[in-house]
Engineer: 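Quick one: structure below, then a few questions.
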Number of protein chains: 2
Amino acid sequence: MVTLAEVARHAGVSASTVSYVLSGKRSISAPTRERVEHSIKELGYHPNAGARALASSRSNILALMVPLRTDMYVPVMMEIAIAVATTARSHGYDVLLLTGEEGPAAVRRVTGSGLADAMIVMDVELEDERLPLLHAARQPTVLIGLPADTVGLTCVDLDFTATGALCADHLADLGHREIAVVGEAPAVYERHTGFAERTLEGLRRRAGELGVRLLHRPCEGSYESMDGTLSRIFDERPGTTGFVVQNEAAIDPLLSLLRRQGRAVPEDVSVVAICPEQVATQASVRLTSVAIPAQEMGRRAVELAVAKLAGRAPEEQVTLLAPELTVRASSGPAPGTS
Amino acid sequence: MVTLAEVARHAGVSASTVSYVLSGKRSISAPTRERVEHSIKELGYHPNAGARALASSRSNILALMVPLRTDMYVPVMMEIAIAVATTARSHGYDVLLLTGEEGPAAVRRVTGSGLADAMIVMDVELEDERLPLLHAARQPTVLIGLPADTVGLTCVDLDFTATGALCADHLADLGHREIAVVGEAPAVYERHTGFAERTLEGLRRRAGELGVRLLHRPCEGSYESMDGTLSRIFDERPGTTGFVVQNEAAIDPLLSLLRRQGRAVPEDVSVVAICPEQVATQASVRLTSVAIPAQEMGRRAVELAVAKLAGRAPEEQVTLLAPELTVRASSGPAPGTS
DNA sequence: ACGTGGTGTTGAAGCGCTTCGACTCCCTCT
DNA sequence: AGAGGGAGTCGAAGCGCTTCAACACCACGT
């Protein structure tokens with residue numbers, strides 16, 4: 001292993017000079033810098049991460065807590081994770097992957113050991129048990145998702161309330177008077193995951209304002225449960241002509257079952273999905289959808305974390321990304337509308 | 001920040017004693033140990049990761065390289081990643097997430113800096129450009145996937161050759177004489193990803209042995225491309241009655257399109273999928289499938305890495321998991337078979 | 001009584017890096 | 001000409017931990 005001291009000797013300078021060449025924290029004359037850089041290359045020197053972390057009390061690592069659940073909005077999670085990793089690298093950070101499984105213990109471990117300089121937490125619940133720990137931590141934190149109380153927190157999320165309202169608007173504009181919401185799996189609501197409840201709230205409020213009837217049914221992503229859910233919806237509200245789907249996994253089953261039942265999309269029923277662009281464009285019908293900007297969320301979260309580390313970002317800051325609805329082939333005028 | 005020295009003072013022992021209590025590398029009398037443990041709890045002490053890494057030259061971190069591509073076998077990747085993270089934790093390791101984007105540079109950075117103790121590399125290509133670097137690294141490596149040349153490497157993978165053969169066997173047993181393989185996207189073959197080519201090889205060889213005709217067509221995961229692929233298949237081989245699908249994303253489109261064309265599964269055509277269990281059981285038809293044991297692969301990879309770190313594992317070791325085919329509702333006797 | 005071999009504990013020497021203060025030049029301003 | 005100051009470099013003091021060699025102690029066998 002080549003050490004900084006060896007580089008210094010090879011270049012004929014002191015260790016501190018090499019360090020300053022590396023960090024740029026002091027000015028170094030061009031000839032010296034070149035000599036040092038040449039020695040670094042020649043010896044194949046790489047700074048030792050542990051020593052660096054110890055001396056500077058900075059690890060250049062960002063911790064990312066992702067939920068363990070493999071059965072839920074996986075593509076979104078993965079997309080966020082990759083955006084986080086990529087953005088982090090562009091700022092000189094590496095990413096430590098923590099699974100939600102450990103919960104608060106993981107937070108304690110990371111903050112206590114100084115393993116990471118900052119944390120990014122996904123899949124935040126309204127009353128998340130990790131919040132008190134994160135508040136108390138030395139390291140800055142950024143949440144992807146919104147807890148009930150955001151005092152003193154930095155959060156990034158899609159504005160799901162506005163998303164719900166947007167969906168309601170779109171369907172109401174097209175003349176739909178009875179809308180069904182195919183939601184996430186019941187477990188998601190039981191955990192009080194913010195985004196699911198917020199979407200619903202946005203939908204309900206706007207539907208109320210517009211005089212549109214709204215029926216919400218949670219739904220697993222399988223064909224069986226979608227089948228059951230669909231029957232119950234049409235039993236209860238035979239006049240339903242508009243659907244809003246929030247569960248990615250339920251999209252294919254929904255389209256498939258509607259087709260089998262002889263209900264044409266968008267002639268008989270309109271469908272609006274809340275999902276990543278890719279899912280919307282690859283479904284059997286090109287879906288009118290509100291995109292979940294996974295990449296953007298990951299990127300923003302890292303940038304906020306880095307800004308907080310540099311001391312140039314307020315403690316409390318809630319970034320809500322404005323939803324955008326793209327009209328595609330799955331929504332149209334309600335039947336009987338001129 | 002509480003340091004080990006403070007704990008030592010508080011407990012009335014030397015720093016080294018505290019260290020030995022923590023690591024268990026020397027015997028400590030029960031009373032002393034209890035005193036130290038009590039002090040640790042009382043002061044809320046957490047060892048500093050950087051200092052530890054520096055002094056012991058062990059970071060207790062495993063690096064995991066995942067491909068960047070978000071559009072490909074995402075659920076499998078995610079499942080492996082989570083299994084890796086979980087298993088690693090149970091061995092006292094954390095996981096550093098590296099995206100494939102950086103390629104060899106990431107390998108150099110991690111091995112050079114001693115950031116991680118070992119590496120787990122996913123999505124290995126047959127002639128992977130990272131291999132030479134991994135060979136030269138101080139840190140042990142485990143590959144998930146098989147490169148062309150495995151000399152001196154530790155690899156874990158599903159036996160895809162056997163998987164292909166198994167699928168061919170199953171369909172042949174049911175009397176199918178013309179089989180179509182709906183493969184991964186063309187890009188996957190262009191990159192010479194081992195598993196795709198191996199599956200095909202297994203299929204071809206066994207089909208040849210059994211006198212079954214085999215047609216292979218790469219396919220993207222969208223409806224459009226599936227539609228095109230399907231037409232070409234039936235144009236070229238109208239007698240096709242068996243399908244093997246390897247691209248997860250293509251499964252739903254395939255089933256959907258077959259249904260629309262009036263071809264019943266499994267009465268008219270049989271479908272065998274190579275995918276995770278969950279995908280097979282949640283599709284519109286419960287699919288006969290060979291499971292991709294993502295969790296198992298992740299777990300094994302970590303265990304091998306840990307074993308190598310402990311010096312109790314051979315340098316070269318290829319672990320091929322035996323495929324298992326589960327018969328479900330998508331495969332049956334070929335039409336016209338008694 | 002004495003050596004012997006465990007067992008439990010300690011002091012001190014680093015691990016490889018960052019960073020602070022100090023020093024030396026040399027240029028500029030008055 | 002002398003003060004003042006910026007630029008470039010260095011030495012040394014740690015950062016918090018691990019680990020090695022060494023020591024003290026006790027119980028044992030002879």
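The chains referred to below are lettered A, B, ... by the order of the sequence lines, with proteins before strands, and numbering in each begins at 1.
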Engineer: Phosphate oxygens OP1/OP2 of C:dG16: is one of them under 4.0 Å from a side-chain N or O of A:Arg52?
Structural biologist: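 Answer no for this pair, as no side-chain N or O of A:Arg52 is under 4.0 Å from OP1 or OP2.
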Engineer: Distance check needed: D:dT18 P versus B:Arg58 CZ, whole Å only.
Structural biologist: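 After rounding, the gap between these two atoms is 13 Å.
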Engineer: In whole Å, what is the span from the CG atom of B:Leu22 to the C1' atom of D:dC17?
Structural biologist: 10 Å
Engineer: Using only side-chain N and O atoms of A:Thr17, determine if any of them is under 4.0 Å from OP1 or OP2 of D:dT9.
Structural biologist: no
Engineer: Roughly, in whole Å, what's the span from CZ in B:Arg9 to P in D:dG16?
Structural biologist: 12 Å
Engineer: Kindly say whether B:Pro314 contributes a backbone atom to a donor-acceptor pair with the side chain of B:Lys308 at under 3.5 angstrom?
Structural biologist: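 No.
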Engineer: Would you say the base of C:dG11 and the side-chain of B:Ser16 have a donor-acceptor pair closer than 3.5 Å?
Structural biologist: yes
Engineer: For the side chain of A:Tyr20 and the base of C:dC17, is some donor closer than 3.5 Å to an acceptor across the two?
Structural biologist: no
Engineer: Could you check whether B:Ser90 and B:Thr87, counting side-chain N and O atoms only, form a donor-acceptor pair closer than 3.5 Å?
Structural biologist: no
Engineer: Quick one: A:Ile28 CD1 to D:dG6 C1', roughly how many Å, whole number?
Structural biologist: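 It works out to 14 Å between those atoms.
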Engineer: Is a donor from one side chain sitting under 3.5 angstrom from an acceptor on the other, for B:Ser29 and B:Thr32?
Structural biologist: yes
Engineer: Can you tell me which nucleotide in C:dG8, C:dT10, D:dG8 comes closest to the side chain of B:Val13?
Structural biologist: C:dT10
Engineer: Tell me: CD of B:Glu34 to C1' of C:dG8, nearest whole Å?
Structural biologist: 15 Å
Engineer: Is a donor from one side chain sitting under 3.5 angstrom from an acceptor on the other, for B:Thr17 and B:Ser14?
Structural biologist: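 Yes, because at least one side-chain N or O of B:Thr17 sits under 3.5 Å from a partner of the opposite role on B:Ser14.
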Engineer: For residues B:Ala116 and B:Val110, report the shortest heavy-atom separation together with the two atoms involved.
Structural biologist: CB-CG1, 3.6 Å
Engineer: Counting only side-chain nitrogens and oxygens, does A:Ser14 get under 4.0 Å of the OP1 or OP2 atom of D:dC10?
Structural biologist: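 Yes.
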Engineer: Check this one for me: any side-chain N or O of A:Lys25 less than 4.0 Å away from OP1 or OP2 of C:dT18?
Structural biologist: no
Engineer: Counting only side-chain nitrogens and oxygens, does B:Ser29 get under 4.0 Å of the OP1 or OP2 atom of C:dG8?
Structural biologist: no
Engineer: With a 3.5 Å cut-off and heavy atoms only, can you find an N or O donor on one side and an acceptor on the other between the side chain of B:Arg26 and the base of D:dT19?
Structural biologist: no
Engineer: In this structure, how many angstroms lie between the P atom of C:dT18 and the CG atom of B:Leu54, rounded?
Structural biologist: 11 Å
Engineer: Figure out the CG/C1' separation between B:Asn48 and D:dG16, and round it to whole Å.
Structural biologist: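 Going from CG in B:Asn48 over to C1' in D:dG16 covers 6 Å.
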Engineer: Does B:Ser19 have a side-chain nitrogen or oxygen under 4.0 Å from the phosphate oxygens OP1 or OP2 of D:dT18?
Structural biologist: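 Indeed, a polar side-chain atom of B:Ser19 lies that close.
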Engineer: Between B:Thr32 and C:dT9, is there a side-chain N or O to OP1/OP2 distance below 4.0 Å?
Structural biologist: yes
Engineer: A:Glu6 CD to C:dC15 C1': how many Å, rounded?
Structural biologist: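 Spelled out: CD on A:Glu6 to C1' on C:dC15 is 13 Å.
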